[in-house]
Amino acid sequence: MSFLLCLLAITLIGIAGWGFMSVMAELAKSYPQEPIDTFSRRFEVEEFIWSSRAPAALRKQYIATQACAVPALLCLAALVWINEPHPGVRMLGTSVFCAISILAAVLLAWKTLRRGG
């Protein structure tokens, strides 16, 4: 069970990363002279994806792939719950992963509703 949860979490995190990098690649078309993976460009992704410059299909893909981070965090919470032998650490770790998952879901939903994704 732990192996499957770990595999699922890694896959979902990979999908979320792929979605982020596809936006980075689209954003790089605006700056052809700079390398694609500049640190400052990572902060431009959010502004770009919600602007009118980003294609609607890319925005929808970004929302779907970033939503994969939520179940990935829940898989990590389940892994902590299953594998941690100390009850206090088990509760703390599971609570932290669940809280981050809820926060990520709420932030993505808020951005999507607020900016019309």
Side-chain angles (χ1 to χ4, degrees):
M1 182 67 161
S2 293
F3 177 73
L4 291 175
L5 282 172
C6 187
L7 189 62
L8 182 60
I10 289 170
T11 302
L12 290 169
I13 290 170
I15 291 170
W18 170 76
F20 185 81
M21 291 308 292
S22 65
V23 174
M24 289 276 291
E26 184 71 26
L27 185 58
K29 292 177 183 175
S30 303
Y31 307 100
Q33 68 278 10
E34 295 180 25
I36 188 171
D37 199 23
T38 60
F39 184 73
S40 62
R41 184 142 335 126
R42 293 177 189 267
F43 295 105
E44 296 176 30
V45 167
E46 285 289 321
E47 181 182 331
F48 170 73
I49 201 66
W50 301 112
S51 71
S52 59
R53 296 184 307 160
L58 183 66
R59 186 176 302 118
K60 289 178 183 179
Q61 174 188 322
Y62 176 77
I63 293 168
T65 56
Q66 295 310 296
C68 289
V70 175
L73 289 165
L74 292 175
C75 286
L76 293 175
L79 279 169
V80 170
W81 184 260
I82 290 170
N83 295 314
E84 178 55 49
H86 300 86
V89 177
R90 178 187 302 153
M91 284 298 295
L92 178 65
T94 303
S95 300
V96 166
F97 277 119
C98 287
I100 293 171
S101 176
I102 291 168
L103 179 66
V106 168
L107 282 174
L108 186 61
W110 178 68
K111 289 176 190 175
T112 303
L113 291 174
R114 189 177 124 217
R115 299 194 174 158

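Counting begins at 1 with the first residue of the sequence. Since the structure is predicted, the reported quantities are computational estimates derived from the model, not experimental observations.
- Looking only at side-chain heavy atoms (C-beta outward), Arg53 and Leu27 come within less than 4.5 Å of each other.
- Looking only at side-chain heavy atoms (C-beta outward), Leu103 and Ile100 stay at 4.5 Å or farther from each other.
- Under a 3.5 Å cut-off, the side chain of Arg59 and the backbone N or O of Ser51 do form a donor-acceptor pair.
- Under the 4.5 Å side-chain heavy-atom criterion for grouping Ile, Leu, Val, Met, Phe, Trp and Tyr, Val23 is connected to Trp50 within one hydrophobic cluster.
- The minimum heavy-atom distance between Gly19 and Thr65, with the atom names listed, is CA-OG1, 3.3 Å.
- Between the Thr94 side chain and the Met91 main chain, no donor and acceptor come within less than 3.5 Å of each other.
- Considering all non-hydrogen atoms of both residues, Arg115 and Glu46 come closest at NH1-O, 4.0 Å.
- Residues passing the ring pair (Phe, Tyr, Trp, His ring centres under 6.0 Å) test with Phe43, sequence neighbours excluded: Phe39.
- When atom types are taken as modelled, the side chain of Ser101 and the backbone of Phe97 share no donor-acceptor pair closer than 3.5 angstrom.
- For the residue pair Ala9 and Cys75, the shortest heavy atom distance occurs at CB-CB, 3.8 Å.
- Qualifying side-chain contact (heavy atoms from CB on, under 4.5 Å) partners for Pro55, counting only residues two or more places apart in sequence or in other chains: Glu26, Leu58.
- A continuous path of Ile, Leu, Val, Met, Phe, Trp and Tyr side chains, each step under 4.5 Å between heavy atoms, connects Val96 with Val80, placing both in one hydrophobic cluster.
- Side-chain contact between Glu44 and Glu47 is absent, with no heavy-atom pair separated by less than 4.5 Å.
- Between Tyr62 and Phe20, the ring planes are tilted. Angles from 30° to 60° get that label.
- For the side-chain contact (heavy atoms from CB on, under 4.5 Å) test, residues two or more places apart in sequence or in another chain that qualify with Val106 are Ile102.
- Note that OG1 of Thr112 is 11.5 Å distant from NZ of Lys60, once rounded to the nearest 0.5 Å.
- Heavy-atom minimum distance, Glu84 versus Arg90: O-NH2, 2.8 Å.
- Under the 4.5 Å side-chain heavy-atom criterion for Ile, Leu, Val, Met, Phe, Trp and Tyr, Leu4 and Leu74 are members of distinct hydrophobic clusters.
- Taken from CD1 in Ile10 to CD1 in Ile15, the straight-line distance is 12.5 Å, to the nearest 0.5 Å.
- Here Leu108 contributes atom CG and Cys68 contributes atom SG; the two are 10.5 Å apart, rounded to the nearest 0.5 Å.
- Contact check for Gln61 versus Trp18: side-chain heavy atoms found under the 4.5 Å cut-off.
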Discussion item. Would Phe3 and Cys6 count as a side chain to side chain contact (heavy atoms under 4.5 Å, CB included) here? Give the steps.
Written reply: CA-CA 5 Å; Phe3 177 73; Cys6 187; 5.6 Å; no
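- Here the CD1-CG distance, from Ile13 to Leu73, works out to 6.5 Å after rounding to the nearest 0.5 Å.
- Ile49 and Met24 fall within the same hydrophobic cluster, defined by Ile, Leu, Val, Met, Phe, Trp and Tyr side-chain heavy atoms under 4.5 Å apart, directly or through other members.
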